[in-house]
Amino acid sequence: TSAAHNRSNVIEVMGRHAGYIALYAAMAGGAESAVIPEVETDFQAIYKKMLQSKNIGKNHSLSVVAEGAGDHIKIAEDMFEHTGMETKGTNLGYIQRGGAPSAFDRILGSMMGAIAVELLLKGRKNRAVGIVGNRYVDYDLAEAVKMKKTIDEEMYRIMNMLSI
């Protein structure tokens with residue numbers, strides 16, 4: 001198989017201090033790896049997985065990197081050096097922020113907007129509206145700013161298990 005049929009892509013997404021966007025994107029996109037700030041990355045294991053995939057006939061590889069976990073260009077160069085697979089690094093940047101909304105996105109925005117207006121009408125100011133599980137919630141804004149979103153460790157484990 002020619003090198004053109006054995007390509008690898010390293011996609012950098014938002015996540016300076018948290019890797020949940022990268023993890024979700026990796027899981028949804030069938031990536032071989034998610035490089036995130038919460039977990040020390042074993043690049044040798046990633047290279048091995050890429051080569052295993054290539055050896056069983058898979059002609060592409062995908063890695064998703066949270067911006068705070070590494071430089072997508074350097075990671076792409078290292079992947080090429082260790083696997084021989086043509087590897088391209090891409091930073092989604094503003095493209096990622098400007099995609100077309102899904103039906104879920106539209107419903108979520110409508111519900112959260114309506115709840116925010118209702119809170120204001122009740123005199124409840126400085127609130128942050130969100131969703132936890134399948135339930136809409138609101139928090140004091142100062143409290144919400146201090147919250148830290150964590151990754152789902154079970155999802156990380158499963159994403160790595162399914163990634164070949």
Side-chain angles (χ1 to χ4, degrees), residues 1-109 111-112 128 130-135 137 144-164:
T1 309
S2 71
H5 292 101
N6 288 304
R7 292 187 180 168
S8 177
N9 287 285
V10 178
I11 307 297
E12 184 176 296
V13 298
M14 293 184 292
R16 186 168 298 135
H17 302 292
Y20 63 92
I21 293 173
L23 176 58
Y24 282 37
M27 185 78 161
E32 276 75 22
S33 61
V35 180
I36 57 177
E38 294 89 342
V39 178
E40 186 173 336
T41 303
D42 181 352
F43 284 100
Q44 295 301 319
I46 293 172
Y47 307 146
K48 181 179 178 183
K49 192 182 293 187
M50 290 170 66
L51 292 170
Q52 286 174 326
S53 294
K54 178 181 171 181
N55 290 337
I56 62 170
K58 194 171 177 184
N59 61 11
H60 66 279
S61 175
L62 175 64
S63 295
V64 182
V65 180
E67 66 184 316
D71 176 350
H72 65 285
I73 300 293
K74 172 84 169 93
I75 292 171
E77 290 170 354
D78 290 347
M79 285 180 170
F80 173 71
E81 183 180 317
H82 287 88
T83 67
M85 293 177 71
E86 178 185 332
T87 306
K88 180 180 179 184
T90 304
N91 181 335
L92 290 184
Y94 289 105
I95 295 169
Q96 169 185 3
R97 295 172 180 94
S102 67
F104 178 82
D105 295 332
R106 290 176 187 272
I107 292 167
L108 180 67
M111 291 296 294
M112 290 173 62
I131 188 167
V132 176
N134 290 322
R135 195 171 63 91
V137 296
V145 171
K146 293 177 188 173
M147 292 178 175
K148 182 179 178 188
K149 185 163 175 80
T150 59
I151 64 161
D152 181 334
E153 292 181 20
E154 182 67 359
M155 181 184 286
Y156 184 79
R157 183 187 71 79
I158 291 171
M159 185 276 309
N160 277 301
M161 183 178 64
L162 297 174
S163 64
I164 292 186

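Quick note: residue numbers are just sequence positions, from 1.
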| task | Run the numbers on R7 and K88 for side-chain contact (heavy atoms from CB on, under 4.5 Å), then give the verdict. | result | CA-CA 8 Å; R7 292 187 180 168; K88 180 180 179 184; over 6 Å; no
| query | Any salt bridge between K74 and E77, counting N to O under 4.0 Å? | reply | no
| message | Less than 4.0 angstrom from a charged side-chain N to a carboxylate O is my criterion; do E32 and K49 meet it? | response | no
Any side-chain heavy-atom pair of [X] and [Y] under 4.5 Å:
X    : Y   : result
Y156 : V39 : yes
I158 : M27 : yes
K58  : Q52 : no

[X] to [Y] - nearest heavy-atom pair and separation:
X    : Y    : answer
E38  : G19  : OE2-N, 2.8 Å
G130 : M112 : CA-CE, 3.8 Å
S33  : S63  : OG-OG, 2.7 Å
H72  : G89  : CD2-C, 3.5 Å
P37  : G68  : CG-C, 4.3 Å
V65  : A22  : C-CB, 4.2 Å

Rounded at 0.5 Å granularity, tell me how far [atom1] in [X] sits from [atom2] in [Y].
X    : Y    : atom1 : atom2 : value
N55  : M50  : CG    : CE    : 12.0 Å
I131 : L108 : CD1   : CG    : 5.5 Å
E12  : E67  : CD    : CD    : 6.0 Å
Y20  : M14  : OH    : CE    : 8.0 Å
I73  : N91  : CD1   : CG    : 8.5 Å
L23  : T150 : CG    : OG1   : 10.5 Å

| Check against side-chain contact (heavy atoms from CB on, under 4.5 Å), N9 and T87 | CA-CA 5 Å; N9 287 285; T87 306; over 6 Å; no
| Is the side chain of T83 donor-acceptor paired with the backbone N or O of M85 at a distance under 3.5 Å, no angle test? | yes
| request: For D105 and S102, indicate whether the former's side chain and the latter's backbone hold a donor-acceptor pair under 3.5 Å. | output: yes
| query | For V10 and V64, what are the C-alpha separation, side-chain angles and deciding distance, and is it a side-chain contact (heavy atoms from CB on, under 4.5 Å)? | reply | CA-CA 6 Å; V10 178; V64 182; over 6 Å; no
| request: Decide side-chain contact (heavy atoms from CB on, under 4.5 Å) for I107 and M111; before the verdict, give the C-alpha distance in whole Å, the side-chain angles of both, and the deciding distance to 0.1 Å. | output: CA-CA 6 Å; I107 292 167; M111 291 296 294; 4.1 Å; yes
| said: Other residues, nucleotides and ligands only: do more than 12 of their heavy atoms fall within 6.0 Å of CD on E154? | reply: yes
